[in-house]
Amino acid sequence: MARSKPKTRTKNPRQVQNRDEAKKETRAALVSAALELFAEQGLDVPSLDAICDRAGYTRGAFYVHFKTREDILVAVMDQVGEAFLAGVFAQMPELAGGDAPPGKGGRLHQAARRFVEAVGSGAYPLMATGGKGPLVRPHQLLDACARSSVVRERYRDLVQLSIGAVSGLVQGDQDEGAVRKDVEPQTVATMALALIIGAQTMKDLGITLDPEQLASAIERMLEAK
């Protein structure tokens, strides 16, 4: 007599969903804990055990989501960097579709104002004014880039993403006559990011500078006559 095949147990969709939600919550808690500790102690000090303790999970839970310490640093960079860029470029026509935002100077002016405000409030991760320190010191991030190709590639990706977004704003302002047309948008965008990264280093060295004045000077040089 032929032996009957065992029945295949069907997965409960709700159980699968609950497990997926739990995994997402665990990952989010680990990333949030890492961000808090990096902001408090710098990139080099917090250990994996410290991150896990702050998040309330074990190393085993950590290794479900990340292979190395560099991986969680990249996850923090993604969360902070992408959220910051979304705040600066939100509702810009190149990213969301539609007309140019209202206000003096068009797209580039609006993005520059948002950036300056973020620096002043301490929301920009690598630079702050008004007595508020940055979440991460620039030299620490560059040290991490020197040690890890994974971190370096992600930082470069975020810079390139910023260059692409700024280039689009410049092009849009040129089309509407707000920015002079004898400059190449990609070059202007690269110059803007080089200025920001240079300003981060100068600020980290204790050199006094005013982001508002720097932004206004760049805008005046680019303004269509």
Side-chain angles (χ1 to χ4, degrees), residues 26-52 54-55 59 62-89 94-95 111-112 114-115 118-119 122-128 132-170 184-207 209 211 214 218:
T26 301
R27 189 181 192 281
L30 288 165
V31 172
S32 179
L35 173 58
E36 290 175 3
L37 288 170
F38 290 153
E40 293 169 8
Q41 303 174 14
L43 296 185
D44 298 332
V45 175
S47 65
L48 290 184
D49 287 334
I51 293 171
C52 292
R54 176 68 64 94
R59 270 202 179 216
F62 176 91
Y63 287 120
V64 169
H65 300 276
F66 307 102
K67 293 181 180 179
T68 65
R69 192 175 180 279
E70 285 73 22
D71 287 340
I72 198 168
L73 174 54
V74 169
V76 169
M77 292 168 65
D78 286 342
Q79 177 171 300
V80 175
E82 291 178 3
F84 176 77
L85 293 178
V88 171
F89 298 111
E94 282 71 22
L95 302 184
R114 292 177 184 180
F115 179 81
V119 172
Y124 181 52
L126 295 169
M127 190 176 176
K132 296 181 178 180
L135 291 177
V136 174
R137 299 287 294 278
H139 73 272
Q140 296 172 344
L141 179 55
L142 293 178
D143 283 345
C145 288
R147 293 193 302 267
S148 169
S149 61
V150 174
V151 176
R152 182 172 63 251
E153 289 296 323
R154 189 57 188 133
Y155 185 38
R156 186 168 68 179
D157 288 345
L158 290 171
V159 172
Q160 294 284 16
L161 181 63
S162 302
I163 290 173
V166 173
S167 179
L169 302 184
V170 174
E184 204 280 318
Q186 184 79 6
T187 300
V188 173
T190 302
M191 179 182 69
L193 266 294
L195 175 64
I196 290 170
I197 293 172
Q200 294 167 5
T201 301
M202 293 176 68
K203 188 71 176 177
D204 209 31
L205 291 171
I207 298 174
L209 50 84
L214 292 176
I218 294 296

Tell me the closest heavy-atom pair linking [X] and [Y], and the distance in Å.
{"X": "Phe84", "Y": "Ala118", "value": "CE1-CB, 3.4 Å"}
{"X": "Leu73", "Y": "Ala144", "value": "CD2-CB, 3.9 Å"}
{"X": "Phe62", "Y": "Thr68", "value": "CZ-O, 3.7 Å"}
{"X": "Cys145", "Y": "Tyr155", "value": "SG-CD2, 3.7 Å"}
{"X": "Ala34", "Y": "Val76", "value": "CB-CG2, 3.8 Å"}

Taking CZ in Arg59 as the centre, count heavy atoms belonging to other residues, nucleotides or ligands within less than 6.0 Å. Is the count above 12?
yes
For the [atom1] atom of [X] and the [atom2] atom of [Y], what is their distance to the nearest 0.5 Å?
{"X": "Ser47", "Y": "Gln41", "atom1": "OG", "atom2": "CD", "answer": "8.5 Å"}
{"X": "Gln79", "Y": "Arg27", "atom1": "CD", "atom2": "CZ", "answer": "8.5 Å"}
{"X": "Ile51", "Y": "Arg54", "atom1": "CD1", "atom2": "CZ", "answer": "10.0 Å"}
{"X": "Glu82", "Y": "Leu158", "atom1": "CD", "atom2": "CG", "answer": "6.5 Å"}
{"X": "Leu141", "Y": "Leu43", "atom1": "CG", "atom2": "CG", "answer": "6.5 Å"}
{"X": "Arg156", "Y": "Ile163", "atom1": "CZ", "atom2": "CD1", "answer": "11.0 Å"}

Identify all side-chain donor-acceptor contacts of residues 185-200 below 3.5 Å with residues at least two apart in sequence or on another chain.
residue, atom, partner, partner atom, Å
Thr187, OG1, Glu184, OE1, 3.3
Thr190, OG1, Gln186, O, 2.8
Gln200, NE2, Tyr124, OH, 2.3

For Val64 and Thr26, what are the C-alpha separation, side-chain angles and deciding distance, and is it a side chain to side chain contact (heavy atoms under 4.5 Å, CB included)?
CA-CA 10 Å; Val64 169; Thr26 301; over 6 Å; no
Test your reading of the model: is there a side-chain donor-acceptor pair from Arg69 to the backbone of Pro46, 3.5 Å cut-off?
yes
Do Asp204 and Leu126 make a side-chain contact, defined as non-hydrogen atoms from C-beta onward lying under 4.5 Å apart?
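They are not in side-chain contact.
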Taking the side chain as C-beta and beyond, is there a heavy-atom pair between Val31 and Phe66 under 4.5 Å?
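Side-chain contact under 4.5 Å: yes.
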Could you give all pairs that pass the side-chain hydrogen bond (donor to acceptor under 3.5 Å, both in side chains) test and reach residues 140-151, with sequence neighbours left out?
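For residues 140-151, and leaving out neighbouring residues, the side-chain hydrogen bond (donor to acceptor under 3.5 Å, both in side chains) pairs sorted by first residue read Asp44-Arg147.
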